[in-house]
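Quick notes on the structure that follows.
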Amino acid sequence: MTYALIIWLVFIACWRLAMPKEARGRNWNYSHMAMPGVAMAVYAFAPAGLAGPMEFWLWGLITMVVLGTIGWIIGQALRNHSIMDVVYPCISFGIALSVALMAAPEMTLRIYIALALMAFWMLRMVRHAFGTNYEVEQQPYAAHRKRFGKRWPVWSFFAVYMLQGTLVWVWCLPWAFIALSPEVTMQLTDWIGVAVWTVGILFLIVADAQMNAFKANPANKGGIMDKGLWARSRHPNYFGECLTWFGYFMFALSHPWGWISIIAPIYTTWFMGWGSAAPGNEGHMRKTRGALWDDYVARVPLFFPRLFLKRNGGNS
């Protein structure tokens, strides 16, 4: 643990030195720099039943750094760091797989099923993001490249790959408990997890398909997608994403300490709905759609889908 602490301190020192003075979201960076240290502190004082999962979760940081570095190298070669939208699901699955392989005394059916769900999610996310993020660097990455100039190659490693990598490492906390669960066969909570994950992935697939169809119609340029799931939530895709992570958490509940990993899907939900993802999208839409967006906001809830539509909404 001493060596891990030293490596972490050196790493955050490099992160801090690379941070430009005009960089925004400094507190966001500081908080994610601190997360591995907080995890180490919990591990140091954890009771025996909790220390094991915490140890293997910490080992997952190595996977994150390796895969994040590979992603950064690819982004540098392409001069396109929006490739991170393709890389992050791969990092997530890589962390889950490595933790499961390291921690599990044996690979059981329930672990294979949980990994299969995450592999499907990863492939679906990669396929969805690849088309728009591979050839052309998207915002805000293109703006950051212009803003930071020669400092961007180094700063992008920390601000894009390590920051988001640490984020998904936290999301992957349940996997340490899934791998070390004493249960071999599928439990009731596992089947509930499959059901929750299935609802989430359907929300993702349907919401993205509806949005893609809307964007493909030239007549909709400059308009607001407010039909289908988008009439029930302004971010049904983000809602579906969060449900998939709650699904993985349900698998962790068969471990005596698995309930602690509720931190992960709660953090995912906060990030998607209120921390970064939805607020960033909302800010862009407010600037580009104006009054149309304000009307949409007045009619449709931010995150959790409305079960019943308002009759005067004109949506279905």
Side-chain angles (χ1 to χ4, degrees), residues 11-12 14-33 35 64-95 121-171 204 207-208 211-212 215 221 235 237-238 241 267-268 270-289 293:
F11 186 76
I12 63 172
C14 294
W15 191 332
R16 178 61 185 86
L17 288 172
M19 186 185 300
K21 292 182 179 179
E22 68 273 26
R24 297 174 181 173
R26 298 171 76 88
N27 290 336
W28 189 248
N29 280 272
Y30 291 144
S31 62
H32 286 77
M33 288 180 198
M35 285 180 181
M64 183 277 286
V65 172
V66 170
L67 294 179
T69 300
I70 293 172
W72 174 75
I73 291 172
I74 295 172
Q76 281 293 105
L78 297 174
R79 287 186 57 81
N80 177 9
H81 286 306
S82 61
I83 197 71
M84 182 58 180
D85 289 353
V86 178
V87 172
Y88 103 81
C90 300
I91 295 177
S92 303
F93 180 74
I95 294 171
W121 167 85
M122 175 194 69
L123 293 173
R124 189 261 160 203
M125 294 295 288
V126 168
R127 181 178 179 274
H128 175 71
F130 192 85
T132 56
N133 292 280
Y134 179 74
E135 294 184 355
V136 179
E137 190 169 53
Q138 304 295 317
Q139 299 297 348
Y141 306 101
H144 291 334
R145 180 180 298 279
K146 183 177 181 180
R147 182 183 184 192
F148 295 112
K150 294 181 179 180
R151 294 167 297 175
W152 181 234
V154 175
W155 179 228
S156 63
F157 175 75
F158 294 101
V160 178
Y161 298 88
M162 293 300 101
L163 178 61
Q164 294 187 48
T166 304
L167 187 83
V168 298
W169 169 70
V170 174
W171 295 0
L204 270 170
D208 286 339
M211 180 59 76
N212 290 339
K215 290 181 176 179
K221 186 175 182 180
H235 303 281
N237 51 341
Y238 295 158
E241 170 89 353
Y267 183 41
T268 308
W270 175 82
F271 175 86
M272 289 291 179
W274 294 270
S276 179
N281 177 270
E282 298 244 326
H284 170 74
M285 294 299 290
R286 190 169 290 108
K287 290 180 181 178
T288 57
R289 299 297 188 271
W293 180 254

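For the numbers below, each heavy atom of this structure counts, side chains included, while hydrogens, waters and symmetry mates do not. Source: prediction; values computed, not measured. In this chain, residues are counted from 1 in sequence order.
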(request) In plain terms, say whether Asp208 and Arg124 are close enough for a salt bridge, that is, a side-chain N and a carboxylate O under 4.0 Å apart. (result) yes
(message) Rounded to the nearest 0.5 Å, what separates atom CH2 in Trp155 from atom CG in Leu17?
(response) 11.0 Å
(request) Looking only at non-hydrogen atoms, find the nearest pair between Trp72 and Ser156 and report the distance. (result) NE1-OG, 3.2 Å
(request) Looking only at non-hydrogen atoms, find the nearest pair between Val86 and Asn133 and report the distance. (result) CG2-CB, 4.4 Å
(request) Take the angle between the ring planes of Trp28 and His32 and call it parallel below 30°, perpendicular above 60°, tilted in between. (result) tilted
(request) Using only heavy-atom distances, determine whether the side chains of Gln139 and His144 contain a donor-acceptor pair under 3.5 Å. (result) no
(request) Supply the atom-to-atom distance Phe157 CZ to Ile73 CD1, rounded to the nearest 0.5 angstrom. (result) 8.5 Å
(message) If the condition is ring-ring contact (aromatic ring centres under 6.0 Å, His included), which residues does Tyr141 pass it with, not counting sequence neighbours?
(response) none
(request) Identify, with sequence neighbours excluded, every residue that meets salt bridge (Lys or Arg N to Asp or Glu O under 4.0 Å) alongside Glu137. (result) Arg145
(request) Hey, could you give me the CE/CZ distance between Met162 and Phe11, rounded to the nearest 0.5 Å? (result) 5.5 Å
(request) Using the test ring-ring contact (aromatic ring centres under 6.0 Å, His included), find all partners of Tyr238 that sit at least two apart in sequence or belong to another chain. (result) His235
(message) In the structure I gave you, are the side-chain heavy atoms of Tyr30 and Arg16 within less than 4.5 Å of one another anywhere?
(response) yes
(request) First locate atom CD1 of Ile95, then atom SG of Cys90, and finally report the distance between them rounded to the nearest 0.5 Å. (result) 11.5 Å
(request) Under the ring-ring contact (aromatic ring centres under 6.0 Å, His included) rule, collect the residues that match up with Phe130, sequence neighbours excluded. (result) Tyr134
(message) Filter on salt bridge (Lys or Arg N to Asp or Glu O under 4.0 Å), then keep only pairs touching residues 17-29, sequence neighbours left out; what's left?
(response) Glu22-Arg151
(request) Could you tell me which residues satisfy ring-ring contact (aromatic ring centres under 6.0 Å, His included) with His128, sequence neighbours excluded, listed by chain and number? (result) none
